2 protein chains.
Amino acid sequence: MTRSMPSTSRSLPIALIRAREGVMQPIREMLSKTGITEQQWRVLRVLAEYGPLDTTTLADRASLLFPSLTRIATTMRNKGLITQTRDETDRRRQFIAITPEGQKIIDDHAEQAAKIVAGFRAKLGDDHYETLLDLLGQLDPGSRE
Amino acid sequence: MTRSMPSTSRSLPIALIRAREGVMQPIREMLSKTGITEQQWRVLRVLAEYGPLDTTTLADRASLLFPSLTRIATTMRNKGLITQTRDETDRRRQFIAITPEGQKIIDDHAEQAAKIVAGFRAKLGDDHYETLLDLLGQLDPGSRE
DNA sequence: GCTATTTCCTTAACATGTTAATTGTTGCGA
DNA sequence: TCGCAACAATTAACATGTTAAGGAAATAGC
């Protein structure tokens with residue numbers, strides 16, 4: 001009747017942390033030479049894929065909390081990787097766009113990043129890889145749409 | 001020949017982040033009333049399961065980086081949740097143990113935590129849940145032993 | 001024994017995660 | 001139009017992630 005919590009060795013939260021660490025390790029290694037962080041890379045990726053976005057949408061697509069994005073945007077603006085412009089219709093809003101310098105970082109590393117991901121896909125196998133993404137999606141509260 | 005990076009909507013790193021966020025949300029909510037963080041909860045969990053541990057082993061089992069554990073241990077020691085004692089044989093080393101107050105936090109919330117995890121297990125189904133843990137394990141570089 | 005290396009841990013510095021409070025803006029209804 | 005709720009974004013405060021450097025104790029060789 002002692003509810004015996006699951007052993008930490010089979011704990012879902014810990015398994016997620018470790019898997020993330022394993023996946024990000026080579027990506028961080030690649031990015032360390034560019035001077036940008038994993039989160040800044042995500043911002044560039046999203047902007048490159050969707051074009052200029054308002055801050056709310058960008059935060060959502062890059063999976064960043066608002067306060068984090070505020071700080072990251074300041075850093076990236078100072079680095080010349082993005083531009084921030086106010087919406088003149090609704091001056092509360094803001095649009096963020098990637099600059100040519102930002103796009104260059106994407107272009108210069110897209111191939112290597114793709115190889116890293118392909119490596120994980122090959123390691124698991126195509127079917128298992130898709131299964132994994134599906135199962136992870138079921139744990140994401142924001143993926144009900 | 002354009003290597004076309006995977007859309008961020010099917011990106012493994014982002015899927016891992018979002019899944020982790022989804023799983024941790026209810027756990028953080030539970031812990032907010034106790035005043036301890038998710039990481040402090042992990043430390044207590046590991047100590048309750050394995051007994052007193054040296055810092056290196058604890059950091060490994062709780063998936064915390066060393067500098068983080070140093071700070072977390074200081075906080076938890078000040079809260080009276082753990083004790084830190086030097087190894088007199090090898091005075092570089094240190095042992096960390098859970099206190100009765102720390103154990104009480106585990107005891108008071110083990111049932112609720114188990115229910116939360118059971119909820120995710122039920123949502124995915126037993127088979128898929130085990131599959132997920134196995135696949136995540138394959139992404140963990142430290143699970144080769 | 002004595003130095004160089006290794007090991008265990010801590011500090012430092014910067015970036016992000018997390019929650020709460022705050023500041024500007026817009027819109028709306030009395 | 002005045003006041004107030006709602007909204008977008010920032011700031012604040014604290015904790016952690018991440019990498020690099022530092023410090024103290026043990027160990028290996030010579």
Side-chain angles (χ1 to χ4, degrees), chain A residues 13-14 16-18 20-43 53-60 62-79 81-82 84-96, chain B residues 13-14 16-18 20-43 53-60 62-79 81-82 84-96:
Chain A
I14 290 184
L16 287 169
I17 292 171
R18 291 186 174 158
R20 179 165 142 60
E21 184 183 357
V23 170
M24 290 316 300
Q25 184 58 40
I27 295 179
R28 261 200 293 274
E29 196 170 340
M30 170 186 83
L31 293 177
S32 69
K33 299 161 191 168
T34 71
I36 73 172
T37 66
E38 166 198 337
Q39 289 82 357
Q40 294 171 15
W41 171 254
R42 280 216 302 280
V43 169
L53 291 175
D54 65 277
T55 311
T56 301
T57 306
L58 175 56
D60 183 55
S63 280
L64 292 170
L65 292 178
F66 238 80
S68 296
L69 182 53
T70 294
R71 287 176 304 211
I72 293 171
T74 302
T75 303
M76 295 180 77
R77 182 159 29 82
N78 291 337
K79 286 183 180 175
L81 302 177
I82 59 169
Q84 277 175 298
T85 56
R86 284 226 163 279
D87 180 346
E88 286 306 320
T89 307
D90 182 345
R91 300 178 27 129
R92 290 173 300 187
R93 288 197 169 174
Q94 209 173 162
F95 283 98
I96 297 185
Chain B
I14 290 184
L16 287 169
I17 292 171
R18 291 186 173 157
R20 179 165 142 60
E21 184 183 357
V23 170
M24 290 316 299
Q25 184 58 40
I27 296 180
R28 260 201 293 272
E29 196 169 341
M30 170 186 84
L31 293 177
S32 69
K33 299 160 190 168
T34 72
I36 73 172
T37 67
E38 165 198 337
Q39 289 82 357
Q40 293 171 15
W41 170 255
R42 279 216 303 280
V43 169
L53 292 176
D54 65 277
T55 310
T56 301
T57 307
L58 175 56
D60 182 56
S63 280
L64 292 170
L65 292 179
F66 238 81
S68 296
L69 182 53
T70 295
R71 285 176 305 212
I72 293 170
T74 302
T75 304
M76 295 180 77
R77 182 159 29 82
N78 292 337
K79 286 183 180 174
L81 302 178
I82 62 170
Q84 277 176 300
T85 57
R86 283 227 164 279
D87 180 346
E88 286 307 320
T89 307
D90 182 342
R91 299 174 32 128
R92 290 171 303 185
R93 289 196 168 177
Q94 213 174 158
F95 284 98
I96 297 185

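A quick note: this is a predicted structure, and the numbers were derived from the prediction, not measured. Throughout, a chain's letter reflects where its sequence line sits, starting with A, and its residues are numbered from 1.
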Chemist: I need the CD-C1' distance between B:Q25 and C:dT18, as an integer number of Å.
Modeler: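 To the nearest whole Å, that distance equals 10 Å.
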
Chemist: To the nearest Å, give me how far apart CD1 (A:I17) and P (C:dG17) are.
Modeler: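 Answer to the nearest Å: 14 Å.
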
Chemist: Check whether B:R42 reaches the backbone of B:A62 with its side chain - one donor and one acceptor, N or O, closer than 3.5 Å.
Modeler: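 The answer is yes, because a donor-acceptor pair under 3.5 Å joins these two groups.
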
Chemist: List the protein contact pattern of nucleotides 10-16 of chain C with one symbol per nucleotide (5' to 3'): B for base contact, S for sugar-phosphate-only contact, - for none; contact means a heavy-atom distance under 4.0 Å.
Modeler: BBBB-SB

Chemist: Between C:dT7 atom C1' and B:D87 atom CG, what is the distance in whole Å?
Modeler: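 Checked: the CG to C1' distance equals 13 Å.
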
Chemist: Which angle, to the nearest 10 degrees, lies between the helix axes at the two ends of the helix from C:dG1-D:dC30 to C:dA30-D:dT1, each defined by five pairs?
Modeler: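 Roughly 0° between the end axes, to the nearest 10°.
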
Chemist: Report the distance from atom CZ of A:R93 to atom P of D:dT10, rounded to the nearest whole Å.
Modeler: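 After rounding, the reported distance stands at 14 Å.
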
Chemist: Side chain of A:D90, heavy atoms from C-beta onward: which of D:dA26, C:dC9, C:dT26 has the nearest atom to it?
Modeler: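 Minimum distance to the A:D90 side chain belongs to C:dT26.
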
Chemist: Does the side chain of B:V43 reach to within under 4.5 Å of the side chain of B:L69, using non-hydrogen atoms?
Modeler: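 Answer yes - side chains close enough.
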
Chemist: Taking the nucleotide of DNA chain D with the closest heavy atom to each, which residue, A:D54 or B:R92, is nearer the 5' end?
Modeler: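 So the residue in question is A:D54.
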
Chemist: Can you tell me if CZ on A:R86 sees more than 12 non-hydrogen neighbours from other groups inside 6.0 Å?
Modeler: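 Counting neighbours around CZ of A:R86, more than 12 heavy atoms of other residues, nucleotides or ligands fall under 6.0 Å, so yes.
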
Chemist: CZ of B:R20 to CD1 of A:I17: how many Å apart, nearest 0.5 Å?
Modeler: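 CD1 of A:I17 is found 4.0 Å from CZ of B:R20.
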
Chemist: Could you check B:L58, B:T57, B:D54 and say which one makes a side chain to side chain contact (heavy atoms under 4.5 Å, CB included) with B:F95?
Modeler: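 One option only clears the test, and that one is B:D54.
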
Chemist: Starting at CD of B:Q84, measure out to CE of B:M76 and round the result to the nearest 0.5 Å.
Modeler: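 The CD atom of B:Q84 sits 10.0 Å away from the CE atom of B:M76.
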
Chemist: Can you tell me how far CG of A:D60 sits from CZ of B:R18, rounded to the nearest 0.5 angstrom?
Modeler: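 One gets 6.0 Å once the value is rounded to the nearest 0.5 Å.
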
Chemist: In whole angstroms, how far is the C1' atom of D:dA25 from the CZ atom of B:R91?
Modeler: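 Value for this atom pair: 8 Å.
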
Chemist: Rounded at 0.5 Å granularity, tell me how far OG1 in A:T85 sits from CD in A:Q94.
Modeler: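 Here the rounded value is 7.5 Å.
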
Chemist: Roughly how many Å is it from CE in A:M24 to P in D:dT19, rounded to a whole number?
Modeler: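 Going from A:M24 (CE) to D:dT19 (P), I get 10 Å.
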
Chemist: Identify the heavy atoms of B:G35 and B:Q40 that sit nearest to each other, and give their distance.
Modeler: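 Looking at all heavy atoms of both residues, the shortest contact is O-OE1, 4.4 Å.
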
Chemist: Keeping B:K79 on the side-chain end and B:I36 on the backbone end, is there a donor-acceptor pair under 3.5 Å?
Modeler: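 No, the answer is negative, given that no donor and acceptor are paired below the 3.5 Å cut-off.
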
Chemist: Specify the residues of residues 27-36 of chain A, ordered by number, for which at least one heavy atom lies under 4.0 angstrom from an atom of DNA chain C.
Modeler: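 Those residues: none at all.
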
